[in-house]
Protein chains: 2
Amino acid sequence: MAQPITLRQVSPLKASCHQCSLSNLCLPLALNENELDRLEDIVQQGRIFNRGELVFEQSTPFRSCFAVRSGAIKTSIITESGEEQVTGFFMPGELVGLDSMSSDAYACSAKALERTSVCELPVDRLEELTHKIPELQHHFFHLMSQEIQNSHQLAMLLSKNTAEERIAALLLSLSSRFGRRRMSPTQFSLPMARNDIANFLGLAVETVSRVFTRFQNQGLIRARGREVELLDIEALQLVTRESSRQRC
Amino acid sequence: MAQPITLRQVSPLKASCHQCSLSNLCLPLALNENELDRLEDIVQQGRIFNRGELVFEQSTPFRSCFAVRSGAIKTSIITESGEEQVTGFFMPGELVGLDSMSSDAYACSAKALERTSVCELPVDRLEELTHKIPELQHHFFHLMSQEIQNSHQLAMLLSKNTAEERIAALLLSLSSRFGRRRMSPTQFSLPMARNDIANFLGLAVETVSRVFTRFQNQGLIRARGREVELLDIEALQLVTRESSRQRC
DNA sequence: CGGAGGCTTGAAAAGTTTCAATCAATGTGG
DNA sequence: CCACATTGATTGAAACTTTTCAAGCCTCCG
């Protein structure tokens, strides 16, 4: 009984953009059957990275973008002085590596925060394909543009908002990103350490810790280590907009 | 004698991507003659905006990107609460509007900081063309990716660096961007007000002012209003890397 | 000339960082 | 299997940077 199934799955790593649960978040959006097939041809699916493993490393030759299937990835830049700067967290359905498309080397390193499965998209073949399929090119422009906007949002958060506002914003962002998947938007496990959060948000670890406990005392969240429960989402949203309220 | 020349220039606004002095900064990079012609067909050159005029406005239909020919543009987002957040300054040879390519409306407003000349690139026709010319598509991916990296750089500056470091970095950035043009990298006129600088760098105007005078007292710059002279570029570079030095 | 806006300066207040110490959780080796 | 080392998270108090508020100055332009 297993035989015929095995035969049908000769290439098990190749046959699933069609039924991938991430498809509307990830690339295939707006492609027809035929085009999806061509996309699948170039996608290497099902690569697994364990917690702490590098998906790619800054300054090594840029070959591929990676779509997160499950798990989580953090990207970071090592500055000349050796400091790490976390530039982003990537959840399932999100595409890592777009910021490297302007050079021959990766602009940042990408590390798996937990056991993580990704699809690899070699850029040279991807560019060929985007050239052949206008919708895919459009989608790619879309994704990159979105990345620019995200980064602007982050810059805004960092330049204008207090520690509480930044952390509330991060929690809400994670919540909605979990929510888009089948997971609970109010109760989840943070894939990253306090250190990563602090680094990403431009704060000291101690500040992050203090804000978490402050939120907890105010009944906004319940946090034990990386386990987080959002108890009052609306209040958290209010926190992120606090900066506005004051100036009106 | 003028007649035949006039005839050749029937469309004076259309005939200059070839000899444009910005061509290696801007789009035409790596295109052949024929391709350049096709690019020129879709580019509307020579639009002029006066100081303070909007090149495009946030939330209005997204139609075009704009390449700065001369002058300077600032982009900014108006948040729900009505605050302005400056997201970037664009100098000659730079492309404005890439962050809007993910939606049907402009993600930010673009305002001319001084009398500014731009080339308009309608996106629908641009996407057609990038589809036809792989090099142009590649170049566009390149530009957008660079924009992501720039924004990450900015986020880094905002999250990790002091007021002095931020301002030194901005001055050096402007310097190198002026330098790439025919202009002096050490003596120039800031196109933006202190207010814009402060907003962009996430500081209070007063802080910007103080740092300027501090730099002046230290002999790093000479500043009178918007006129700036960089007296000691190496020292300024040291300032930007000060954060590194401390941690080693 | 006078007003308006932009720029500068000072002093107090606020928020965040830094330093230091403690605690909890986890894993290792005796 | 328990003591111990290690790592990450938390808490407190002092130090520092930046903001805020307030006032004055300069300059450009009607």
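In this text, all values refer to a predicted model and were calculated from it rather than measured experimentally. Computation of the quantities below employed the complete heavy-atom set of this structure, encompassing side-chain atoms and omitting hydrogens, waters and symmetry-equivalent molecules. Reminder, nothing fancy here: chain letters follow the sequence lines and each chain counts from 1.
Screening B/Ser102, B/Ser100, B/Ser151 for a side chain to side chain donor-acceptor pair (under 3.5 Å) with A/Gln149, the sole residue that qualifies is B/Ser102. When B/Gln216, B/Glu227, B/Glu229 are each tested for a side chain to side chain donor-acceptor pair (under 3.5 Å) with B/Arg222, only one passes: B/Glu229.
Proximity of a side-chain donor or acceptor of A/Arg166 to a complementary backbone N or O of A/Asn161 within less than 3.5 Å is detected. One N or O on the side chain of A/Thr240 and one on the backbone of A/Gln237 form a donor-acceptor pair closer than 3.5 Å.
Interface remark: the B/Arg194 side chain does not form any donor-acceptor pair with the C/dG5 base, using a distance-only criterion of under 3.5 Å. Remark: the A/Arg214 side chain and the C/dT16 base include no donor-acceptor N/O pair separated by less than 3.5 Å. Counting atom types as modelled, B/Arg210 pairs a side-chain N or O with a base atom of D/dT20 as donor and acceptor under 3.5 Å.
Between B/Glu164 atom CD and D/dT19 atom P the separation is 13 Å, expressed in whole Å. What separates CD of B/Glu227 from P of D/dT27 is a distance of 13 Å, to the nearest Å. Summarising the geometry, the separation between CG on B/Asn161 and P on C/dT16 is reported as 18 Å, rounded to the nearest angstrom. The CG atom of A/Leu203 sits 14 Å away from the P atom of D/dT10 (whole-angstrom rounding). A/Ile221 has its CD1 atom 14 Å from the C1' atom of D/dT10, to the nearest Å. Rounded to a whole Å, the CE atom of B/Met192 is 22 Å from the P atom of C/dG5. Whole-Å rounding puts the A/Phe215 CZ to D/dA9 P distance at 17 Å. Rounded to whole Å, atom P of C/dT18 lies 10 Å from atom NZ of B/Lys160.
For A/Arg226 and D/dG8, the shortest distance from a side-chain N or O to OP1 or OP2 is not below 4.0 Å. In terms of phosphate contacts, B/Thr213 brings a side-chain nitrogen or oxygen within less than 4.0 Å of OP1 or OP2 of C/dT9. Residue A/Ser209 has no polar side-chain atom (N or O) positioned under 4.0 Å from OP1 or OP2 of D/dA9.
For B/Glu206, the side-chain atoms get nearest to D/dT20 when compared with the rest of D/dT20, D/dT18, C/dT17.
Residue B/Arg224 is in sugar-phosphate contact alone, with no base atom involved, counting any heavy-atom pair closer than 4.0 Å across all strands shown.
At least one test fails for B/Arg47 against the ring of B/Phe66: distance under 6.0 Å to the centre or angle within 45° of the axis.
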